[in-house]
Amino acid sequence: MLGIFFLILLGLSFGVFFFRKKSGYLYSLLLVMGMVALTTHGAVQALNGNSQSFVHGFNNIFRSATDILVLDGLSAFFILVINITLLVGLLYANGYLKPYHSRMGNLRFAVHYFSYIWLYFSMLLVVMLRNGVLFLIAWEMMAISSFFLVIFDADNRNILKTGINYLVQMHVGMLFILVGFLLVEKSTGSISFDSLPTYFANSSNWPLFLLFFIGFAIKAGFMPLHTWLPEAHPAAPSHVSGVMSGVMIKMGIYGIFRVVLATQSDLLIIGVLLLAVSLISGLLGVIYAILQHDLKRLLAYHSIENIGIIGVGLGLGIIGKATNNQMLMLLGFSGALLHTLNHSLFKSLLFFNAGSVYLAAKTRDIEKCGGLMKTMPYTALLFLLGSIAICGLPPFNGFISEYLIYFGMIDTMHGAGFSQSILLLFSIIGLTLIGGLAVFCFTKAFGVIFLGSPRSKQAENAIEVTHSMIAPQIISAILIVAIGVVPALFVKPIFGIFSHDLKIIIPEYHSFIANLSGISAASGVFIIMAVGILLLRYIHLRRKPIAAGPTWGCGYTLESSRLQYTASSYADSLSQLAKPVIRRKIITEPISENDIFPPSRAFSTHSEDVFREQLTNKPVNKFLDWMKKIAIMQTGQIQHYILYAFLFMLLILILTYLNFI
Amino acid sequence: MLGIILIIIASLLVPGVIIRTKSIASGRKGPGLFQPLKDLRVLLRKGSVFSNTTGLIFRIAPSLSLASIVCALTLVPFGNQGALITFGADFVFFAYILSFGKFFAIIGALDCGSSFEGMGANREALYSMMVEPAFFILLGTFAMFTGYTSFTDIFYGFHLSDNNYILIFSVISFYLLIQIVMIENSRMPIDDPKTHLELTMIHEVMILDYSGFDKALLHIGTFLKYGIYGALITAILINTKWSIYIQIFAFFAVVVCLGVIIGLNESFRARNKMGKNPQFVLTLSGIALVAFVIVLLLMGKF
């Protein structure tokens, strides 16, 4: 029954084209809500251990003997993550797209909503399909629909170019996955995720893992395969960036999870590789984020950082599996999975707020913002919540997933051998630095955008966005706080997934859950103290004289917003330290000795992504040069082309004669 | 609970000890032991001046910062009493909740829209980011050595060890914790609290615009940090099996020592050049790594 509903909803999505802008939105909202209700029901059933109704419905329709869709704990969890963000994203989109209503036609909107719905459907299918061919079809649908979403504002040529860059990179990734599946097919005779364990049992593990990992890592945005990410996210409309960063890149994580859980040997190599790549992604991601001035690009680099944290969890899980340490395995995998949910919550929240800032201040350049908290208090508070959560600070959700990973590492250290101890210690250092740098990054972002005084006319005239844009974000906000304050409620089901799928039974289970209650207690103390002190302050200040005055300017009394610390100056101290890993271009004309009265000069700094330069741009440019050289053959004269054909046939003849082919 | 009360009492003493030490070392008569407390009372009696640029964040930042420190306080063990709240890997929570307070202190400073405060905020963010690895390496090493993960158990297990060479590790931890408290509280050689030039300050320049109640809260926060780190140092140095009276006595001795060390340090040495601070702070992580290697050796993991 449910299977039929699923197919009906898929079919109904084409109806979007028959509606105008506003009714089209409502129609797609209804469809998405229907799908959310349907799949949430299935997912919750699956998490409780009975997945049958949904799956069987499908098998009946297609008369298939084997399960087409499989809903295990992992799929169910990802479905819930997808549902939350996609629904919130669509609710937010209504307000966000309003200014575009006058500029764009009905068809453009219809295509947009249609792509949104299909991105949603394809992601659901990606996490449920097991057959390799069907999986790749869903994977491709996901890439194409997200491509159309990115190029929504395609009047801007740059956006189109970015979109095509995105599409190309997605296909490079897909190629790797395809080759991986073909290898599995060749060895086991069936092309499916379910035959991975058979393959891994009989052949060397790390080459196939590497193939799949590269394919999925391009989607997930592990460094150095991330280069599409900081381009595509700023180009897309904000609700799309939120969805892409919040859940779509997690499909890469889902894929890696599937492969990782199937691996059986070479585990230590795989674990260490994943850990190393993840730590590099985490550290460099956040360092690059600090240097960005474009808010959405900053957030995009932060996604890379968070993917890094998820990867650290995964890597530790595999190392746990390799050393037969069930606690580390459970905590690593669970930390990674919980961070996937957490990141989808706060990152989409931050992207939505970035969109609100963009709408209100007409700029994404944080150097032009400032003082927005006074005019946009709700957006500011939600952004602040997201910022604190993404820094992994208690009492919010980011802390819980990082805590699981930390606990896994710290708990393992006592019994670990020499090399493993060092590995764990450096992971701890990496994670700590990532946390500290994230605080650096988000104090900068929040401070420069929302605090102080406005740095431009646009920022001064900004007004708060409509309630229809604020309200959906509250859903994410509530979940962020809930996971942070009562973590046991959310961690238990995740433990359940792994202890069920992986047959992990740990004796320390209950004592670990008690630790989570400890976090709740400490968070409670913090909240009580905060409220208490604020109350005390309120009562105290009521009786005291309060005066207003200018900010202390060291005797300089002329107030000017240009005196404020800028984002560049804030980032400068770090970029001095991080010189080895970043490249900054400083464009200025030095003052020479004879310049007694120097005229006005411009100064600007640009930070470049070293990986994009070295790994994408350089090879592509080399290749283009090479192709240009070959283009000499393209003369435009028909005689030459006939000659080429003749030469080719001659070549074939000779090769056949020599028994080459 | 007893521990928390004692830590609060002791932390109110430390600033007085520091200024007494400094005045004796420089041959001045100087203010009395309770002068910082009297200053607090003055601040609490005063009204407040708020800059026109500031908003909500500026007003709530000191309260949240103090709340985070008090929350951290409940996780700190005292002698054989244990902490009020204790759970596995609680030192991660400890470090992160303190970060939460710093987060608000930093954005509170940025709310003033002043170049000075922005600069101070930036430096605070940078140094506190760089000092964190040292703390984590240190506690990670403790966890590795003892096999426990919570503050209370770690220090309990630490003193159960019959390996006498572990004293080397205690000494290094003692040194590291003193340096960490200096950086946390922006004392010499990272920062000079008595400097008069805004450009060379870190912490003081962040709180330039605070007055009255809020400023008092910020001061109380720094005071409490002395007590918290003092308790941690005591837990490392003093065997938890000894009786509670010895613990209390030792704790006060350690806290007074901490004050004297900071005071002497500030009397006889100059502040680092600002550009050298990152090196100085990162060196602590290096020293912590040395401690880690020593423990690896002692545990026979090589």
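Sequence lines set the chain letters: A, B, ... in the order given, protein chains first and strands last, and positions in each chain run from 1.
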Which region of Phe526(A), side chain (C-beta onward) or backbone (N, CA, C, O), has a non-hydrogen atom less than 4.5 Å from a non-hydrogen atom of chain B, or is it both or neither? both

Extract all donor-acceptor atom pairs below 3.5 Å that involve side chains of residues 416-428 of chain A and protein atoms in other chains or at least two apart in sequence.
| unit_1 | atom_1 | unit_2 | atom_2 | d |
| --- | --- | --- | --- | --- |
| Ser421(A) | OG | Gly417(A) | O | 2.6 |
| Ser421(A) | OG | Lys301(B) | NZ | 2.9 |
| Ser427(A) | OG | Leu423(A) | O | 2.8 |

Mutual orientation of the aromatic rings belonging to Tyr96(B) and Tyr406(A) [parallel < 30°, tilted 30-60°, perpendicular > 60°]: perpendicular

Just to be sure I understand the criterion: a residue of residues 383-393 of chain A counts if one of its heavy atoms is under 4.5 Å from a heavy atom of chain B. Which ones qualify? Leu384(A), Ser387(A), Ile388(A), Cys391(A), Gly392(A), Leu393(A)

Can you list the steps and then say if Asn122(B) with Ser573(A) is a side chain to side chain donor-acceptor pair (under 3.5 Å)? CA-CA 8 Å; Asn122(B) 174 25; Ser573(A) 57; 3.1 Å; yes

Let's test your reading of the structure: which of Thr74(B), Ile57(B), Val70(B), Leu296(B) forms the most heavy-atom pairs below 4.5 Å with chain A? Ile57(B)

Side-chain contact, heavy-atom cut-off 4.5 Å: Leu110(B) with Lys444(A)? no

When Phe58(B), Tyr210(B), Phe50(B) are each screened for side-chain contact (heavy atoms from CB on, under 4.5 Å) with Cys112(B), the one that passes is Phe58(B)

Under 4.5 Å from any heavy atom of chain B, what part of Ile546(A) do you find: side chain, backbone, both or neither? both

Give a yes-or-no answer on whether the side chains of Ser456(A) and Glu367(A) include a donor-acceptor pair shorter than 3.5 Å. no

Is the closest side-chain donor-acceptor distance between Thr54(B) and Ser51(B) under 3.5 Å? no

Let's test your reading of the structure: which of Lys46(B), Met130(B), Glu124(B), Arg123(B) forms the most heavy-atom pairs below 4.5 Å with chain A? Lys46(B)

Does one side chain, of Thr379(A) or Glu464(A), offer a donor that lies under 3.5 Å from an acceptor on the other? yes

Engaged part of Tyr570(A) at the chain B interface, taking heavy atoms whose separation is under 4.5 Å: both

For chain A, which residues from residues 59-67 of chain B have at least one heavy atom closer than 4.5 Å to it? Arg59(B), Ile60(B), Ser63(B), Leu64(B), Leu66(B), Ala67(B)

Most heavy-atom pairs under 4.5 angstrom with chain A, which of Ala95(B), Gly108(B), Ser114(B)? Ser114(B)

May I ask you to decide if Gln279(B)'s main-chain N or O and Thr283(B)'s side chain share a donor-acceptor pair within less than 3.5 Å? yes

When Pro278(B), Gly88(B), Gly212(B), Ala72(B) are compared by non-hydrogen pairs under 4.5 Å with chain A, the top option: Gly88(B)

Identify which part of Glu402(A) has an atom lying under 4.5 Å from any heavy atom of chain B, answering side chain, backbone, both or neither. side chain

Heavy-atom proximity to chain B below 4.5 Å, by part of Ser523(A): both

When you compare the side chain of Gln564(A) with that of Ser453(A), does any pair of heavy atoms fall below 4.5 Å? yes

Most chain A-contacting option - heavy-atom pairs closer than 4.5 Å, from Leu217(B), Asp90(B), Asp214(B): Asp214(B)

Name all pairs fulfilling the salt bridge (Lys or Arg N to Asp or Glu O under 4.0 Å) condition that reach into residues 95-118 of chain B, sequence neighbours left out, sorted by first residue then second. Lys102(B)-Glu184(B)

Heavy-atom distance under 4.5 Å to chain B: side chain of Phe512(A), backbone, both or neither? neither

Tyr156(B) OH: over 12 foreign heavy atoms closer than 6.0 Å: no

Centres of the Phe151(B) and Phe94(B) rings: under 6.0 Å? yes

Can you find a side-chain donor-acceptor pair between Asp153(B) and Ser150(B) that sits under 3.5 Å? yes

At a heavy-atom separation under 4.5 Å, does Leu577(A) approach chain B through its side chain, its backbone, both, or neither? side chain

Per-residue tally against chain A (heavy atom, under 4.5 Å) across Leu208(B), Ile97(B), Thr141(B) peaks at Ile97(B)

Specify whether Phe396(A) and Phe100(B) have parallel, tilted or perpendicular ring planes, treating 30° as the upper limit for parallel and 60° as the lower limit for perpendicular. tilted

